[in-house]
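To keep things clear, I will list the structure first and then write my remarks on it.
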There are 2 protein chains.
Amino acid sequence: MASPRKRLDRDVLVATALALADAEGLAAVTTRRVGQEHGVSPMALYRHFRDKDQILDAIAERLLSEVHLPERDDRVWHAQLHDVLTSLLSVLRPHAAAAGLVTTRILDSPPGLDLAERTLELLATAGFEVEQAAEIASQSLCSMVTLVVTEPGRSQPEAAESRDDAVRGKQASLATLSPEQYPHVVAAAGALASCASDDVYYAHGVELLVAGIRGVHTETHTETLTETQTPAV
Amino acid sequence: MASPRKRLDRDVLVATALALADAEGLAAVTTRRVGQEHGVSPMALYRHFRDKDQILDAIAERLLSEVHLPERDDRVWHAQLHDVLTSLLSVLRPHAAAAGLVTTRILDSPPGLDLAERTLELLATAGFEVEQAAEIASQSLCSMVTLVVTEPGRSQPEAAESRDDAVRGKQASLATLSPEQYPHVVAAAGALASCASDDVYYAHGVELLVAGIRGVHTETHTETLTETQTPAV
DNA sequence: ACCTGAACACCGTTCAAGT
DNA sequence: ACCTGAACACCGTTCAAGT
């Protein structure tokens, strides 16, 4: 098929920008570097983007477009929400440097709107009213971004070869602290500097959030009922 | 009192940098601008900071140093945690542009360590084991930052005079969407573009988080009632 | 000890000009 | 229609020099 040239070029430029962010951090995404990667002057990009901010917008949209929303099914709403959030996480995790761009841009592109729509839909199913659903949805999606950006043991990609060094350094600096002044920080130095398993870290992050939503949910919706022990799973 | 000149100067430079961020956004914090505000060459800053990154570190530390940790009392752990998180929020809220600096720098300065220490202490009181407490603490503190950075209706401070315009614009663009494709987003347009009350927005944000921690807490600790002992991990 | 000026290698972006 | 080159107003940072 004869692909439309213009559209193709733009996508390829965005892919280059994202690859630069992955390899060398967001600071490496400059009009000059992206152009250079295509053997082209920085000004050539201005055919496809109004300004640099639009390149960053496009990176965020690209990430969101790779989210594969799970099929709707008949499981309870929070199980489905769990999977939606996990699907976002799995897309962001390989792109830690660019992930932060998503926080403020979810509602700015169709793929982000799809994600927001599904999230709001599940919260509506649960019975949340619109305002509360909006707050919860935005906090939920942004929390996934934050999990990726602050993953313990992450450092700048420039120092990628020395990730272990960075972890050891962080751990060492925390271990240096006075155990009288910061007993719990010192005790948790290992967990704060790195994490035993990335998968477990992310699983816990999603669980914490979903547990919060369920907690707020029962607070809001069981006023009529009597005080319950543990809500059914 | 004759104040130590050097220390004073550094603090005053940090205050200037923070003020610039508040007034014109983080992009306005440049060595040249900060120097200019003191009628001094950009190079004069290098007596007090190794490089620009240290200026950003110092801004984060300054913000964290303004957190006033509530006194310990005999209320249940999650009530105290709620207040700790709220005290962080109240410091960050007036400095939305700079707040994001805090996410990756909490463990890099004494005031941040104080905050982390208290948080971990409360989670230890609750009975969380060290690794889980570390994860929860970091996710909790970072969530407060995220709440501030993504507060609905926020826009760049350059456009501060037209904040209402930005909100209206956002709302209008969401209202333009197809109600068939994005029914819940369209229905929530108002809440997504702005928020009825900032105070309520933040209160809900903290509540969601604390509810999550309590949810994970009961999940983790109801099983141990039968086992009597917490299994070491 | 503290600050400066000139310089370097970068930015994003404009504009007129090339093909 | 698409791209370029030169230029502008900025960056962070170096280095040798001033006081």
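Order of the sequence lines fixes the chain letters, A, B, ..., with proteins taken first and strands second; residue numbering starts at 1 for each chain. Predicted, not measured: the structure shown is a model, and the values here were computed from it.
B/R32 places its CZ atom 12 Å from the P atom of C/dG5, with the value rounded to the nearest Å. Look at CZ on A/F49: it is 16 Å from P on C/dT14, rounded to the nearest Å. Distance A/H48 NE2 to D/dC2 C1': 9 Å, rounded to the nearest Å. If you take CG of A/D53 and C1' of C/dC11, they are 15 Å apart, rounded to a whole angstrom. Distance, A/R33 CZ to C/dC11 P: 8 Å, rounded to whole Å. Atom OH of B/Y46 and atom P of C/dC2 are 18 Å apart (whole Å). One can place CD of B/Q36 at 13 Å from C1' of D/dA9, the figure rounded to the nearest angstrom. The distance from atom NZ of B/K52 to atom P of D/dC10 is 15 Å, rounded to the nearest whole Å.
Base pairing annotation: C/dA6 forms a Watson-Crick or G-U wobble pair with D/dT14, both donor-acceptor distances under 3.5 Å.
Of the side-chain N and O atoms in B/T30, one or more sit less than 4.0 angstrom from OP1 or OP2 of D/dC11. Using a 4.0 Å cut-off, some side-chain N or O of B/T31 falls inside it from OP1 or OP2 of D/dG12.
Here A/R50 lies out of heavy-atom contact (under 4.0 Å) with every strand.
Under the side-chain contact (heavy atoms from CB on, under 4.5 Å) test applied with B/R105, the options B/D108, B/L107, B/T103 reduce to a single match, B/D108.
The side-chain heavy atoms of B/I213 and B/L123, taken from C-beta on, include a pair separated by under 4.5 Å. With a 4.5 Å cut-off on side-chain heavy atoms, A/Y202 and A/T86 do not count as touching.
Here the side chain of A/M43 is nearest to one of C/dT13, D/dT13, C/dC2, namely C/dT13. Side-chain proximity of B/D51 to C/dT13, D/dT13, C/dC2: nearest is D/dT13.
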Would A/L141 and A/L85 count as a side-chain contact (heavy atoms from CB on, under 4.5 Å) if you check the C-alpha gap in whole Å, the side-chain angles of each, and the deciding distance to 0.1 Å?
CA-CA 7 Å; A/L141 300 176; A/L85 296 176; 3.8 Å; yes
Under the side chain to side chain donor-acceptor pair (under 3.5 Å) criterion, do B/Y46 and B/D51 qualify, and how do the steps go?
CA-CA 7 Å; B/Y46 283 68; B/D51 55 18; over 6 Å; no
